[in-house]
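The block underneath contains the structure these notes are about, expressed in structure tokens.
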Amino acid sequence: MRYWLMKSEPDVYSINDLERDQETLWDGVRNYQARNFMRSMEPGDWVFFYHSNTQPPGVVGLMTVAQSGVPDPTQFDPASEYYDPKSTQDNPRWQTVTLRFLEQFPTMVPLEQLRQTFSEDELWVVRRGNRLSVMPVDDPVAEKILAIARHS
DNA sequence: GCCAACGTTGGC
DNA sequence: GCCAACGTTGGC
């Protein structure tokens, strides 16, 4: 079981939306590094839900991977902003995962606190200029985030 | 709203 | 294959 972190702008899709839906297909990722991380996810992995582009940004809850290796349906849809004409049903370029709601933290762990607690190498999301929306989180770091989230 | 960071595109 | 131009992300 591995830990991950995935970003979403809450205006687009928030932890509350996931709590309502319980399960969601994480579509629209069009970055190869992020896709490769999603390819290596396995059912049962835990994923921190991070709210980006909001005030303040931070980790707001926890999800678990339900299915991995799922072709992103938006790549086949000409009406979608994520349409990829180079992708075919036989050879899809973009795989994603479905995620299930686990918990919403009583209070978010804000980016500022993550910065105070972890170095750039320990937790990539605190890296200045970081734009990657899917990233791995090492076990000790993940356990510390959980401890902070559940203690406050 | 600004702008630094950085991924992608496309001309050459 | 280089790299300038461009577009997007995301903190502030």
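Residue numbers start from 1 in every chain, and the chains themselves are labelled A, B, ... in the order their sequence lines are given, proteins ahead of strands.
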Reading nucleotides 7-12 of chain C 5' to 3', which nucleotides get B (base under 4.0 Å from a protein heavy atom), which S (sugar-phosphate only), which -? BBBBBS

Distance flag, aromatic centroids of A:F49 and A:W4, threshold under 6.0 Å: no

Does A:E112, at its CD atom, have more than 12 non-hydrogen atoms belonging to other residues, nucleotides or ligands within less than 6.0 Å? no

Donor + acceptor pair across side chains of A:D27, A:Y13 (<3.5 Å):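 Result is no, nothing qualifies.
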
Out of A:Q104, A:R100, A:M63, which one pairs with A:L18 under the side-chain contact (heavy atoms from CB on, under 4.5 Å) rule? A:M63

Is there any ring-ring contact (aromatic ring centres under 6.0 Å, His included) pair reaching into residues 85-104 of chain A, and which pairs are they, with sequence neighbours excluded? A:Y32-A:W94

